[in-house]
Amino acid sequence: MSYQGVWTIAEAKNGMIKTVSYELLSRGRKLAGKLGCELASVLITNNISEEAAEELILRGADKVYLVNAPELENFIVENYSNVLIDLINKYKPEIILAAATTSGRTLMPHVAIRVHAGLTADCTELDIEEDTGNLLQTRPAIGGNIMATIKTPEHRPQMATVRPRSTRPAPIDESRRGQGEVITIDFNPELLDGWVERLGFRKNEEEDVNIQDAEVVVAGGRGLKKAENFALIRELAEKLGGVVGASRDAVDRNWISYPHQVGLSGKTVTPKLYIAIGISGAIQHLAGMKTSDIIVAINEDPEAPIFKVADFGIIGDLFEVVPELNEALAKLNKASAGISRTPVKNTTLAEEVEEDEI
Amino acid sequence: MNIIIPIKQVPETSNVKMDEETGTMVRDGVESIVNPLDLYAIETGIQLKEEFGGKITVITMGPPSAEKALREAISMGCDDGILLSGREFAGSDTWATSYALSQVIREAGKFDLILAGERATDGDTGQVGPGIASFLGLPLATYTSKIVELTKDSITVERLIEEGYETLRLPLPALLTVVKEISYPRLPTLRGKQRAKKLKLKQWSSEDIEIDRANLGLKGSPTRVVKITRPKVTRNGEFIKVVDEESLETAVERLVKFLQEKEIV
């Protein structure tokens, strides 16, 4: 049996499918369309009903392979790897896409080794090579200084992790209801590894720390001068409905904790809006944020490299600019408080799904 | 407690220069350093050794000049170094690299723990740590931010994930990839430097270990790089300089309008 079909690895937590799963469907739909093959999602989880899993069908999957078991409640790489390899051996997909999340970036290499597949990390573009039908995977490397396009000519499946938020989630298409099939796979307890135990979980002490999922990231750097001044950044982030990021400098000075760090030794973020305040823009920092949709920089030094990647820059003292900006936004929020805000988002989603590389 | 730490020598990225014509990296004159994220694995290993005793072996795959990276790790406090080098390894992707390093580790003797940096700052894949665990069939924790407890036969760690921190207990031997939050790397001591300079490193090629040559280098790599391009980085932004009250007001007004145009506020 030859390898056929495109798979996406959906993620769920507490009975909810994560948005990143729908972003993968946008990617997968395009590839399956070019190859003229089926698109399937694999969902390894606990407590998701077939009805809930059908949302993956509405958003573009032809099939969903649903593996539901209490033992799979939490991501333990050994167990998920065994389950996925079992499915790969049974159904032989040609392409497998997962999100470049902490679990995707753990599961995929674990699996790729054992099925002897080629795997490309953190792709920002995916396409099909015309003559061969090979998957072309493009990813930033060397601190984002180059884009490398990679293919896997002989091994199957071709595997890739895809940078979260590098494409829009596939929208719900009600006309797809009943057009696909949710296939529940009985969990084989022999696939349970049982070595690693999950003993507990604690949320980040600060609520606003998930910088990779945020639409807006307001980041502060050395220019803030001391920890207390992050209050300015927090206030602005709050006003924009965003979260707080930081440069390595700020983290190394203990002004803010590591989960906030953007850049090569921190996280790569791709928000709709990134505001860099008092950050000069060392190449390591730029590597972590330069693919953001819109970049705003506020810095005193007109020569700061951050301005090279900025769509809007204010050259000035952040201690003057940011309070003024916070005040202006406060006035604006007050003024619009009476007007009901129209949910523009869902309508634009449907229109913009075509241009999927931002 | 015997610990193995696979490390990588990488170009110092803050000094990376790009050839404007070809879009490739200019390697001449670029200093090579120990992958900055590996330093956290090295520091963690040294702290465990200080508390529980044992030995740390650092290993790397690379050209002969990569021994400099091993010596740096030793100068921080690691005990031994193994350099896997040879033309047959050139062009290895993460699959082939994971395989080769796994075979070195099988040969390197009994160990309790493998510590690796979460990823290297050049390739930026983060795939080799999990790859080694997969080849060796070891329990794996990625993104480890804290070691909570170490016993004779298990290790309890926290790992940093999107939503917070989860606690895992793994039986030993195990493999951890670590993030920056786990430790603060020390500087080499003078004594350490002297020891590192004198120490005889093990230099291995594919002749010295049991290894399937079909799995090495470009030949053994499932993936191929087909194209390298240089992304356009510079954006043509709008800039306003603040010099007084009036320009401050204008700048903020313009920024708010810009955010409104982009439908952010």
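Below, read A as the first sequence line, B as the second, and so on, with proteins coming before strands; counting in each chain starts at 1.
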Looking only at side chains, do [X] and [Y] share a donor and an acceptor under 3.5 Å apart?
X: Thr102(A); Y: Glu162(B); answer: yes
X: Thr106(A); Y: Ser103(A); answer: no
X: Thr149(A); Y: Thr138(A); answer: yes
X: Glu246(B); Y: Thr250(B); answer: no
X: Thr152(A); Y: Gln158(A); answer: no

Under 4.5 Å from a heavy atom of chain A, the part of [X] involved:
X: Thr156(B); value: side chain
X: Gln260(B); value: side chain
X: Phe135(B); value: both
X: Tyr40(B); value: side chain
X: Leu255(B); value: both
X: Asp93(B); value: neither
X: Ile155(B); value: neither
X: Arg159(B); value: side chain
X: Thr125(B); value: both
X: Leu259(B); value: side chain
X: Tyr165(B); value: both

Just so I know, are the side chains of [X] and [Y] near enough to count as touching, which here means a heavy-atom distance under 4.5 Å?
X: Thr124(A); Y: Arg139(A); result: no
X: Val10(B); Y: Pro36(B); result: yes
X: Val216(A); Y: Val218(A); result: yes
X: Arg105(A); Y: Arg119(B); result: yes

Measure distances from [X] to the heavy atoms of chain B and classify the residue's part below 4.5 Å as side chain, backbone, both or neither.
X: Ala100(A); result: neither
X: Lys18(A); result: side chain
X: Val77(A); result: side chain
X: Leu199(A); result: both

| field | Tyr99(B) (side chain) donor-acceptor with Asp212(B) (main chain) under 3.5 angstrom | value |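 Yes: the side chain of Tyr99(B) pairs with the backbone of Asp212(B).
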| message | According to ring-ring contact (aromatic ring centres under 6.0 Å, His included), who are the partners of Phe239(B), at least two apart in sequence or on a separate chain? | response |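 Once residues adjacent in sequence are excluded, the partners of Phe239(B) under the ring-ring contact (aromatic ring centres under 6.0 Å, His included) criterion are Phe307(A).
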| Most chain A-contacting option - heavy-atom pairs closer than 4.5 Å, from Gly237(B), Pro139(B), Ala120(B) |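 If we count pairs closer than 4.5 Å to chain A, Pro139(B) comes out on top.
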| request: Give the member of Arg169(B), Glu166(B), Arg254(B) that has the highest number of heavy-atom pairs under 4.5 Å with chain A. | output: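 Of the candidates given, the most pairs with chain A belong to Arg169(B).
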If we define contacts as heavy-atom pairs under 4.5 Å, which of [options] has the most with chain B?
options: Lys239(A), His116(A), Glu78(A); result: His116(A)
options: Lys151(A), Lys267(A), Gln261(A); result: Lys151(A)
options: Asp122(A), Thr101(A), Thr161(A); result: Thr101(A)
options: Gly200(A), Gly316(A), Ala121(A), Pro140(A); result: Gly200(A)
options: Asp213(A), Leu136(A), Ile295(A), Ile298(A); result: Ile295(A)
options: Ala141(A), Ser265(A), Ala112(A); result: Ser265(A)

| task | Of all the heavy-atom pairs spanning Ile211(A) and Pro259(A), show the shortest one and how long it is. | result |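 It is CD1-O, 3.6 Å.
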| task | Please indicate whether Glu129(A) has more than 12 foreign heavy atoms, meaning atoms of other residues, nucleotides or ligands, lying under 6.0 Å from its CD. | result |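 It does: Glu129(A) CD has more than 12 such atoms within range.
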